[in-house]
Structure formats: structure tokens, C-alpha cells
Amino acid sequence: MSSSTTDRRDASTVPSRRERRPAFLDSPVTRALLAVDATLIAANLALSALAKADLLIERVPDLWRLETESNLGAWWNMGQWAALIALCAWAARRGLGALPTALAAIFAMLLADDALELHERVGFALARRLEFGSLLNLQPYDLGELCAAAGEGVLLALALFWAWRRRGPGDARRLAAFVGLFALLGLVGVVLDALHSAVWSWRYAEYIVGVAEDGGEMIVGSLMLAYAWSQFGPRAPRPVPSA
């Protein structure tokens with residue numbers, strides 16, 4: 001057998017880039033969720049450009065401004081958390097183990113945080129009580145918010161550790177995936193939030209980081225919902241009990 005024939009055969013056994021990536025990324029559910037994210041982000045960018053050029057509108061309507069607390073993007077994000085709570089609670093009720101129970105509690109915490117602005121309120125209270133100063137262009141209430149977010153991170157880690165101690169067949173892989181997704185959420189929701197506050201005096205930088213933060217939270221929420229649907233949805237394969 002020639003070496004060229006062997007090389008072709010070896011190459012055919014190497015997975016392509018498309019085959020190596022997670023299957024849920026190619027599902028219709030993922031595409032539909034990300035399409036909503038893209039629409040909301042594109043609308044914000046387009047309206048911001050029109051307002052900047054003073055064409056048709058003077059300012060972006062609050063409903064489409066991602067940086068406000070009451071806008072379509074924020075409501076969509078809270079809808080994602082609510083859907084994840086329902087899906088994970090349903091999976092736990094069907095006896096799919098400790099992981100969906102822990103996830104339902106985590107997503108309930110995230111929904112409460114967004115709906116009630118908990119880390120902002122707690123952070124402001126901490127900053128006043130502990131008399132934080134400024135650091136690296138961050139204001140005292142920004143540091144308070146970081147402390148509050150760190151506290152939520154500890155609760156999240158404890159819930160995942162509880163699920164890991166009670167993991168069943170296939171849960172280690174699912175846990176690893178959710179840990180990665182929560183790390184992404186921390187990057188866009190905490191790190192970029194702090195950067196957004198630090199660059200408040202640079203108008204264009206503040207806008208770009210703000211869109212990346214709010215848009216990133218929606219995208220990560222969609223990825224979490226799509227992955228949870230692939231693992232806990234009605235068409236997901238049930239785990240095989242260990243012998």
C-alpha cells in the first residue's frame with residue numbers, strides 16, 4: 001500500500017472542526033435563540049447609529065437601549081433564566097439527578113438578581129457600610145457590586161459542588177459544560193461590568209464595552225438554555241443507571 005493511500009486513510013479518520021464542536025451548537029433551538037440575541041443587539045447598534053447621526057431619532061428609545069435596566073434585552077435575559085428554572089425543575093422532578101436541582105436553584109438566584117437588582121442594592125449597601133474608597137477608576141459602589149457578585153459566585157460554586165458530590169452517569173460531562181458556561185457569564189457579567197464602570201469617562205469605549213457586556217449576557221443565556229434543552233429536554237436521552 002502506498003504512503004499516499006495511507007495518509008488519505010489517516011486523514012479521513014481525523015474529526016473535522018465541525019464534528020469536534022458540541023452538537024447542541026448546530027441545533028435549531030440554538031440557532032433560534034441566538035437569532036433573537038442578534039436581532040436585539042443589531043437593533044441597538046442601528047438605532048444608536050441613527051441617533052448619533054441625528055437621522056430620524058434624537059435618542060435610542062429606552063425599550064431598545066441595552067444599558068438600561070428595563071429594556072427588551074433585559075426582559076429576554078430574565079425570560080431565559082425563567083425558562084431554565086422551569087426546564088431544570090422539570091428534569092429534577094423526572095428523577096434526572098442532583099444536577100438539574102442545583103441548576104434550578106442557581107438560575108432562580110440569577111433571575112432574582114436581575115429582577116430585583118440584588119447585587120446592585122447589596123453592593124451599594126456594602127460600599128456605604130464599609131466605607132469603600134475608589135480603586136483603578138472604580139467608584140465605591142462598583143467595588144461593593146464586585147463583593148456582592150463574589151458572594152453570589154460562592155453560592156453558585158457550593159451548589160455545583162453539591163451536585164458533583166451526588167453526580168450520576170454523564171453528570172461529570174454536563175457539570176464541566178455548565179462550569180465553562182458560568183465562567184463565560186462571569187466574564188461578561190462581572191469582568192466586563194467592572195470594565196464598563198472603569199471607562200465611564202470615555203464615551204465610545206463605555207458604549208462598546210456596555211454592548212459587549214449586555215449582549216454577551218444574552219448570548220451566554222441562550223447557550224445555557226440550548227445546552228440544558230439538549231440534556232434535559234423531552235427529546236434528550238435518559239441517563240442509564242449505573243449497575
Side-chain angles (χ1 to χ4, degrees), residues 15 17 19-27 29-30 33-34 37 77-116 118-119 122-123 126 145-194 213 216-243:
R17 183 178 299 177
E19 291 172 336
R20 287 196 301 265
R21 71 181 184 179
F24 84 96
L25 291 176
D26 296 317
S27 74
V29 173
T30 307
L33 293 171
L34 292 178
D37 301 332
N77 216 178
M78 286 188 283
Q80 293 169 328
W81 303 144
L84 279 160
I85 294 168
L87 179 59
C88 293
W90 181 53
R93 186 175 178 82
R94 287 155 53 209
L96 297 188
L99 179 58
T101 301
L103 291 172
I106 291 171
F107 292 124
M109 178 183 70
L110 294 177
L111 177 59
D113 181 71
D114 280 352
L116 303 176
L118 289 181
H119 79 271
V122 172
L126 285 174
E145 287 187 16
L146 286 175
C147 291
E152 292 181 349
V154 170
L155 294 176
L156 187 153
L158 288 174
L160 292 179
F161 179 72
W162 177 84
W164 180 78
R165 290 291 301 271
R166 293 159 179 79
R167 64 192 181 278
D171 280 347
R173 174 179 52 81
R174 298 185 187 95
L175 266 167
F178 276 109
V179 167
L181 289 168
F182 282 125
L184 281 177
L185 184 63
L187 175 63
V188 297
V190 179
V191 176
L192 287 186
D193 184 40
E213 174 197 349
E217 288 180 1
M218 290 191 295
I219 291 172
V220 175
S222 289
L223 292 176
M224 286 183 173
L225 182 53
Y227 182 69
W229 181 263
S230 73
Q231 299 301 307
F232 305 133
R235 296 186 178 181
R238 292 182 65 88
V240 179
S242 57

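All residue numbers refer to positions in the sequence shown, counting from 1.
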Student: Between V188 and L192, what is the shortest heavy-atom contact and its length?
Tutor: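 It is O-CB, 3.3 Å.
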Student: Is there a side-chain contact between R174 and L96, using heavy atoms and a 4.5 Å cut-off?
Tutor: no
Student: Which heavy atom of M109 sits nearest to which heavy atom of E152, and what is that distance?
Tutor: CE-O, 3.6 Å
Student: Do R173 and Q231 have side-chain heavy atoms sitting under 4.5 Å apart?
Tutor: yes
Student: Which label fits F232 and F178: parallel for a plane angle under 30°, tilted from 30 to 60°, or perpendicular past 60°?
Tutor: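 Plane angle under 30°, so parallel.
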Student: Could you walk me through whether L33 and V29 pass side-chain contact (heavy atoms from CB on, under 4.5 Å), step by step?
Tutor: CA-CA 6 Å; L33 293 171; V29 173; 3.9 Å; yes
Student: Do S222 and Y227 have side chains that get closer than 4.5 Å, going by heavy atoms?
Tutor: no
Student: Are the side chains of L184 and I219 in touch, meaning some heavy atoms are under 4.5 Å apart?
Tutor: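 With C-beta onward as the side chain, the pair stays apart.
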Student: Taking side chain as C-beta onward, heavy atoms only, is L34 less than 4.5 Å from D37?
Tutor: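 Answer yes - side chains close enough.
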Student: Not counting sequence neighbours, which residues clear ring-ring contact (aromatic ring centres under 6.0 Å, His included) with W81? List them please.
Tutor: F107
Student: For R94 and G233, which heavy atoms make the closest approach, and how far apart are they?
Tutor: NH2-O, 3.8 Å
Student: Using modelled atom types and a 3.5 Å cut-off, is there a donor and acceptor pairing between side-chain atoms of R167 and backbone atoms of W164?
Tutor: yes
Student: Report the distance from atom CD of E217 to atom CG of L110, rounding to the nearest 0.5 Å.
Tutor: 9.5 Å
Student: Any chance you could measure I106, atom CD1, to T101, atom OG1, to the nearest 0.5 Å?
Tutor: 11.0 Å
Student: What do the steps show when you test L223 against L25 for side-chain contact (heavy atoms from CB on, under 4.5 Å), and what is the final call?
Tutor: CA-CA 8 Å; L223 292 176; L25 291 176; 3.8 Å; yes
Student: Is it the case that the side chain of T30 and the backbone of D26 share a donor-acceptor pair, with hydrogens and angles ignored and the cut-off at 3.5 Å?
Tutor: no
Student: Does the side chain of L99 reach to within under 4.5 Å of the side chain of L175, using non-hydrogen atoms?
Tutor: yes
Student: In Å, rounded to the nearest 0.5 Å, how long is the span from CG of L187 to CG of D193?
Tutor: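 Going from the CG atom of L187 to the CG atom of D193 covers 11.5 Å.
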Student: Check whether any side-chain heavy atom of L185 lies under 4.5 Å from a side-chain heavy atom of L181, and answer yes or no.
Tutor: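 The answer is no; the side chains never approach within 4.5 Å.
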Student: Please report the shortest heavy-atom distance between A104 and A89, naming the atom on each side.
Tutor: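 Minimum heavy-atom contact is CB-N, 4.0 Å.
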Student: Looking only at atom types and distance, does a side-chain atom of R165 sit under 3.5 Å from a main-chain N or O of F161, one as donor and one as acceptor?
Tutor: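 No, R165 side chain to F161 backbone: no donor-acceptor pair under 3.5 Å.
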Student: Provide the closest heavy-atom pair for L146 versus A194 in the form atom of the first, atom of the second, distance.
Tutor: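 Result for this residue pair: CD2-CB, 4.1 Å.
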Student: Would you please name every residue forming a side chain to side chain contact (heavy atoms under 4.5 Å, CB included) with A83, sequence neighbours left out?
Tutor: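 Listed in chain order: L225.
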Student: List the atom of L103, the atom of C88, and the distance in Å for their closest heavy-atom pair.
Tutor: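 Nearest pair, atom of L103 first, then C88: CB-SG, 3.7 Å.
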Student: Under the salt bridge (charged side-chain N to carboxylate O under 4.0 Å, His left out) rule, collect the residues that match up with D113, sequence neighbours excluded.
Tutor: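 Once residues adjacent in sequence are excluded, D113 has no partner under the salt bridge (charged side-chain N to carboxylate O under 4.0 Å, His left out) criterion.
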